[in-house]
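First the structure, in the form of structure tokens, and then the observations on it.
No experiment lies behind these values; they were computed from the predicted model shown. Convention: sequence-line order gives letters A, B, ...; per-chain numbering from 1. Just the heavy atoms: all of them, side chains too, but no hydrogens, waters or symmetry mates, feed the values below.
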Amino acid sequence: MHWADAFVKDLTEKQTVSTGISPSGHIHVGNMREILTGYFFHRALKDRGVESRFIYLCDDIDPLRKVYPFLKKEEYEQHVGKPLSSIPAPEGEGTYSEYFLRPFLETLGTIEVKVEVIRSTDLYRDGVFAKATDIVMNNVPRIREILETVSGRKLEPNWAPYNPICSSCGRINSTSVTGYTFPYVDYTCKCGHSGKSDIRKNEGKLPWRLEWPAKWFALGVTIEPFGKDHGAAGGSYDTGKAIAEEIFGIKAPLPLTYERILLKGKGVMHSSTGNVIPASEMVQYAPPEILRFLIARTHPSRHIDFDPGLGLLNLVDEYERYRNVFYGLEEAAGEDDARTYELSRLVEEKPDTFVSFRHLITLVQIYTTDEQLLGAMKRSGYGESKLSPYMKNQVKVAKAWLEKYAPDQVKFSLLPQDTKVSLSEQDVALARSFQEKIGEIEWTPEAIHNAVHGFIKEQNLEPKAGFATFYKILIGKERGPRLGYFLSNLDRVNVQRRLEIVLSGN
RNA sequence: GGGCCCAUAGCUCAGCUAGGUAGAGCAUCUGGCUUUUAACCAGGUGGUCGAGGGUUCGAAUCCCUCUGGGCCCGCCA
């Protein structure tokens, strides 16, 4: 059974699956595990006929913690400590949080993940946290005791479970609570200002360890996946669970701690270090369903070493193998293959409506126009009369991947006309016979192929070695794309000239 | 100091929940194919299942200890 199905298999009541990511920087492939793990639970529930609500809480009231390396120091120093929803975007119009949220939401659209997006600033502004905040402010000693016991840390004497936003300087990290009378929290700020925050508005926020259980309480969350940073003993899930049960009188959601996604050879993806591939970029360099597949195929308890190079190509191969399993064209290797495919795919893909991505990688390096490409695809079993939007995107993605991440192993390009290549006697003889007759060969794939094969046979060569001669001359490699189709797309005069140049040097 | 996860073929992994003769893909090798989608078809090589102990008629699977690797908490979120 697929891990998502196994996780929800005993649930029959309506569930609310919640996820949360802070838009403090680029929302990256690593963050996708949060939202997609939740999404797969949601899907698994619905597929079992269990009612489910799926929400994503965007923590946009969180303060900017520091000036990240990707921010201009002079510009953002003044904003440290202010909510992400009230400081300017690194570029263009709008707020900081929306700047990073927008491409993420677009990416969710691209991979067909439908989720209710809730901004924490809005929750506070609309008073959704008011009741929870009031409960919390009336139970400070008990909460302090829980936090100190469960987490083992000592809280400051003036600690309070609420952080007011200073109405004068806008900071949330420099205020101290001095009193509480519903609905106002009194505070003083390091900037010298004293004031009141209305807990029914976005004039302050709960600290994380309280905000999390308050969210469960206010929104009725029953399932929540989270990163292992929250899952450590004495971590925020432990304290959250205790607060949920003892202060709010609710059950904590069913937890799932997931492992991190690493970038192969570079370690953990962190927005603060810049060691990231934003999710919005990944869907430009990989078929979008692969983002889902990457997360769906691996149990959350295992870390993922993501390799955007050759590893990505292998990943797509695997996805396509699972697709074949789903359509009964191939035997399953693992028992969840078909289900993993089903959870990953974006649209129904009938077997004759696509061409394998690996093959496409070759094709887009040979053909320049859609017509040529379509012809080549049809020879590979593509049944549509024109490029589908899906395949158009695949083509775009294949080109982008070649440009940015492809290893040399899968790339080829014509050698410059005057590049010297040393050839064996066999190579020379073969290339010469072709070069001498090149003007008489009909410049079509089949005719070229037949001509080359004729010369190979005439000279008693191994076909493989014979073809290699031409690859050496043209692209400097031992192997290459099917020669007839390849050459027919090159200008005959240029090919002739290239052969002459190489032969004159041997 | 504390916690979690991982370890099975050269590589990526399945198998572990409910113990019953060790699996797949890729790579590699051999053979086939009168012509290459960086193919295709058939077959082969390759593993003391990280180590040790325990439970059991029987352990990759359950329990304990250890080793190695990774990550996290003890600021903030």
(Q) Taking only the P atom of each, what is the distance from C64(B) to U17(B) in whole angstrom? (A)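 Comparing P positions in C64(B) and U17(B) gives a spacing of 15 Å.
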Report the residues that fulfil ring-ring contact (aromatic ring centres under 6.0 Å, His included) with [X], sequence neighbours left out, ordered by chain and then residue number.
{"X": "Phe434(A)", "answer": "Phe470(A)"}
{"X": "Phe248(A)", "answer": "Phe217(A)"}
{"X": "Phe467(A)", "answer": "His449(A)"}
{"X": "Tyr405(A)", "answer": "Tyr285(A)"}

inquiry  = Pairing donors with acceptors under 3.5 angstrom, does anything connect the side chains of Tyr124(A) and Glu211(A)?
reply    = yes
Measure all distances between protein nitrogen or oxygen atoms and nitrogen or oxygen atoms of nucleotides 1-4 of chain B, and list the pairs falling under 3.5 Å.
unit_1, atom_1, unit_2, atom_2, d
C4(B), O2, Lys228(A), NZ, 3.1

Practice problem: Establish, with yes or no, whether the OP1 or OP2 oxygen of C76(B) is under 4.0 angstrom from a side-chain nitrogen or oxygen of Arg153(A). | Solution: yes
Under 4.0 Å between a side-chain N or O of Ser22(A) and OP1 or OP2 of A77(B)? no
With sequence neighbours left out, the residues meeting side-chain hydrogen bond (donor to acceptor under 3.5 Å, both in side chains) with Ser120(A) are Asp60(A)
Applying side-chain hydrogen bond (donor to acceptor under 3.5 Å, both in side chains) to Asn173(A) and not counting sequence neighbours gives none
Using residues 230-243 of chain A as the side-chain source, report each donor-acceptor pair under 3.5 Å to any protein atom, sequence neighbours left out, with the distance given to one decimal.
unit_1, atom_1, unit_2, atom_2, d
His230(A), ND1, Ser236(A), OG, 2.9
Ser236(A), OG, Trp208(A), NE1, 3.1
Tyr237(A), OH, Pro253(A), O, 2.7
Asp238(A), OD2, Gly234(A), N, 2.8
Thr239(A), OG1, Arg209(A), NH1, 3.2
Thr239(A), OG1, Gly235(A), O, 3.4
Thr239(A), OG1, Ser236(A), O, 3.3
Lys241(A), NZ, Glu245(A), OE2, 3.3

Pick out the pairs of N or O atoms, protein on one side and nucleotides 15-19 of chain B on the other, that lie under 3.5 Å.
none

Set of salt bridge (charged side-chain N to carboxylate O under 4.0 Å, His left out) partners for Arg297(A), sequence neighbours left out:
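Arg297(A): salt bridge (charged side-chain N to carboxylate O under 4.0 Å, His left out) contacts with Glu318(A).
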Residues at least two apart in sequence or cross-chain that pass salt bridge (charged side-chain N to carboxylate O under 4.0 Å, His left out) with Arg292(A), listed by chain then number, are none
Each base of RNA chain B marked ( ) or [ ] if paired in-strand (Watson-Crick or G-U under 3.5 Å), | if paired to another strand and . if unpaired gives ((((((((.[[[[.)....(..]]]].(((((.......))))).....[[[[[..)....]]]]])))))))....
